[in-house]
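When a ligand or atom number is given, it counts from 1 through the structure's own listing order. We use all heavy atoms of the structure for the numbers below, so side chains are in, but hydrogens, waters and symmetry mates are not.
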Amino acid sequence: DDTVVRRAVNSSVIYMADLESSIHYSLRVEVARFTVLHGDRLRSLINYISVLKKYFPARPYLRSLLDYLYAWLNKQRAKLVPYKDFADAVNGKNLEENAVLTPHADFVWCQGSKPEFRGFPCSVWTLYHLLTVRAAQLGTEQTKEVLRTMRGYVRSFFGCTGCAHHFEQMAKESMNSVRSLDEAIRWLWFSHNRVNKRLAGDATEDPDFPKIQWPPKELCADCQKMVGNNLTWDEPAVLRFMKTHFSENNLSYDYLE
Ligand code: FAD
C-alpha cells in the first residue's frame with residue numbers, strides 16, 4: 001500500500017521534524033551500512049557530528065546527545081569503531097541523563113506524494129543549507145567547514161552513489177573557490193539549483209513537487225530581476241533570503257512528537 005497521508009504544510013518554513021528525521025536516518029540507516037568505521041569514513045562521521053554540535057539548533061535532549069556523541073567519538077579516533085558500539089552511543093545506552101534522537105523518520109515538508117519520492121535526500125539538502133546559514137550567523141574562521149563536511153558525508157555514506165558522484169564532480173570543480181561564509185551559503189544554493197535543472201522532468205521527480213529554480217517568486221519576490229530580456233538572480237537579495245529562510249526563527253516545531 002503506497003498511499004501517503006498528506007498533511008497541511010507550509011513551504012515558507014523549515015520543519016524541525018525534517019531535520020531531526022534526517023539526523024536519525026543518517027546515523028541509524030546510512031552509517032549502519034558499514035559494520036566497522038575507520039579511516040576517512042570515521043573522519044567524515046566525526047566531522048558530521050562536530051558541525052551538528054556547533055551549528056545545529058537542537059532541542060535540549062538532542063543537544064545533550066550530540067555533545068555526548070562528539071566526546072565519545074573523539075575517544076575512538078584512530079581506532080576501528082564497530083557500528084554496533086556507535087549505535088549504542090546513538091541510543092544513549094549507559095547514559096544517565098535524557099539524551100534522545102527521534103527513533104523514526106517522519107518527514108513533513110519533505111514527505112513525497114509516494115514513498116519513493118523526496119524524503120531523506122530532500123532533508124539532506126535542507127539540513128546543510130541550514131548549517132551553512134548558521135555557520136555564517138555564528139561565525140567561524142573555517143569558511144568551508146560545513147561544505148567540506150557535507151562533501152565528506154556524501155562521499156562516505158550517501159546511499160545514492162550516482163548522486164554522490166555528481167556532487168563530488170561539482171565540489172571538485174568549484175568548492176575550493178569559496179572564500180567566505182556567505183560564499184559557502186551561495187555555493188550550496190547555486191549547486192542545488194544546478195542539480196534541480198539537471199533533474200527537472202526526470203523519473204525521480206515527484207509530480208506534486210516539480211524541480212524549479214529556487215526560490216520561486218512566491219517565496220522571494222526580490223530574488224529575481226530582469227536584465228534586458230533575461231531573468232536573472234539578484235544575488236544579494238538571494239543571500240538575504242537564504243539567511244532568513246534557513247534561520248532559527250523560521251523553524252516550525254509542528255508535527256513533532
Ligand atoms: P530537493 O531538491 O531535495 O530540495 C528540497 C527542498 O529544498 C525543496 O523542496 C525546496 O524547498 C528547497 N530548495 C530547492 N532548491 C533549493 C536551492 N537551490 N537552495 C536552497 N533550497 C532549495 N537525485 C538524482 O536523481 N540524481 C542526482 O545526481 C542527485 N544528486 C544529489 C546530490 C545530493 C548531494 C543530494 C542531497 C541529493 C541528490 N539527488 C539526486 C536527490 C535530489 O536532488 C532531490 O533531493 C530529490 O529528488 C528530492 O527532491 P525534492 O523535490 O524533495 O527537492
Within 4.0 Å of some non-hydrogen atom of His166, the atoms of ligand 1 are 27 (C), 28 (O)
Ranked by distance from atom 37 (C) of ligand 1, the top protein heavy atom is Trp125 NE1, 3.3 Å
Do the side chains of Lys114 and Asp206 get close enough for a salt bridge, i.e. N-O under 4.0 angstrom?
no
Quick note on ligand 1: atoms under 4.0 Å from a heavy atom of Leu199 include exactly 23 (N), 24 (C), 25 (O), 26 (N), 40 (C), 42 (C), 43 (O)
Per-atom filter on ligand 1: closer than 4.0 angstrom to a heavy atom of Trp189 are 17 (C), 18 (N), 19 (N)
Near Thr204 (heavy-atom distance under 4.0 Å), the atoms of ligand 1 are 25 (O)
the protein heavy atom lying closest to atom 32 (C) of ligand 1 turns out to be Cys163 CB, 3.7 Å
The single option from Val90, Asp67, Leu65, Leu73 that satisfies side-chain contact (heavy atoms from CB on, under 4.5 Å) with Ile49 is Leu73
- prompt: Which of parallel (below 30°), tilted (30 to 60°) and perpendicular (above 60°) describes Phe167 and Trp125?
  reply: perpendicular
Salt bridge Asp182-Lys243, side-chain N to carboxylate O under 4.0 Å: yes
Atom 5 (C) of ligand 1 sits nearest the protein heavy atom Cys122 SG, 3.4 Å
Open item on the list: Can you see whether Asn196 engages Asn193 through a side-chain donor-acceptor pair at a distance of less than 3.5 angstrom?
Closed with: yes
for atom 10 (C) of ligand 1, nearest protein heavy atom and its distance come out as Trp214 NE1, 3.5 Å
From the list Val133, Thr132, Leu138, Thr140, side-chain contact (heavy atoms from CB on, under 4.5 Å) with Leu181 holds only for Thr140
Closest to atom 4 (O) of ligand 1 by heavy-atom distance, out of Met150, His192, Arg151, is His192
Under 4.0 Å from one or more heavy atoms of Val195, ligand 1 contributes atoms 43 (O)
Kindly indicate whether a cation-pi arrangement holds for Arg41 with Phe34, taking the cut-offs as under 6.0 Å to the six-membered ring centre and within 45° of the axis.
yes
In this structure, atom 52 (O) of ligand 1 is nearest to the protein heavy atom Arg118 NE, 2.7 Å
**Report entry** Any donor-acceptor N or O pair under 3.5 Å, side chains His104, His24
**Finding:** no
Original post:
Is any NZ, NE, NH1 or NH2 atom of the basic residue among Arg6 and Asp208 found under 4.0 Å from an Asp or Glu carboxylate oxygen of the other?
Top reply: yes
Glu183 with Lys144: basic N within carboxylate O range, under 4.0 Å
no
Original post:
Any luck finding a side-chain donor-acceptor pair between Ser12 and Asn10 under 3.5 Å?
Top reply: yes
Nearest non-hydrogen protein atom to atom 41 (C) of ligand 1, with distance, is Pro121 CB, 3.9 Å
Does ligand 1 have any atom sitting under 4.0 Å from a heavy atom of Phe117? no
- request: Is it possible for you to check whether Arg7 lies under 6.0 Å from the centre of the six-membered ring of Tyr255, through NZ or CZ, and within 45° of that ring's axis?
  value: yes
Contact region, Phe158 to ligand 1, non-hydrogen atoms below 4.0 Å, reads side chain
message: Does the Lys NZ or Arg CZ of Arg118 fall within the cation-pi geometry relative to Trp109 - under 6.0 Å from the ring centre and within 45° of the axis?
response: yes
Of all protein heavy atoms, the one nearest atom 15 (N) of ligand 1 is Asn196 ND2, 3.0 Å
Among non-hydrogen protein atoms, atom 47 (O) of ligand 1 lies closest to Lys211 NZ, 3.0 Å
Min over Phe120, Trp109, Phe209, Phe107 of heavy-atom distance to atom 8 (C) of ligand 1 lands on Trp109
Contact bool for atom 28 (O) of ligand 1 (protein heavy atom, d < 4.0 Å):
yes
Check: Asp202 N/O within less than 3.5 Å of ligand 1 N/O: no
Counting heavy atoms under 4.0 Å, the part of Arg198 that contacts ligand 1 is side chain
Going by the 4.0 angstrom heavy-atom rule, the piece of Asn193 near ligand 1 is both
The answer for which part of Phe167 has a heavy atom under 4.0 Å from ligand 1 is side chain
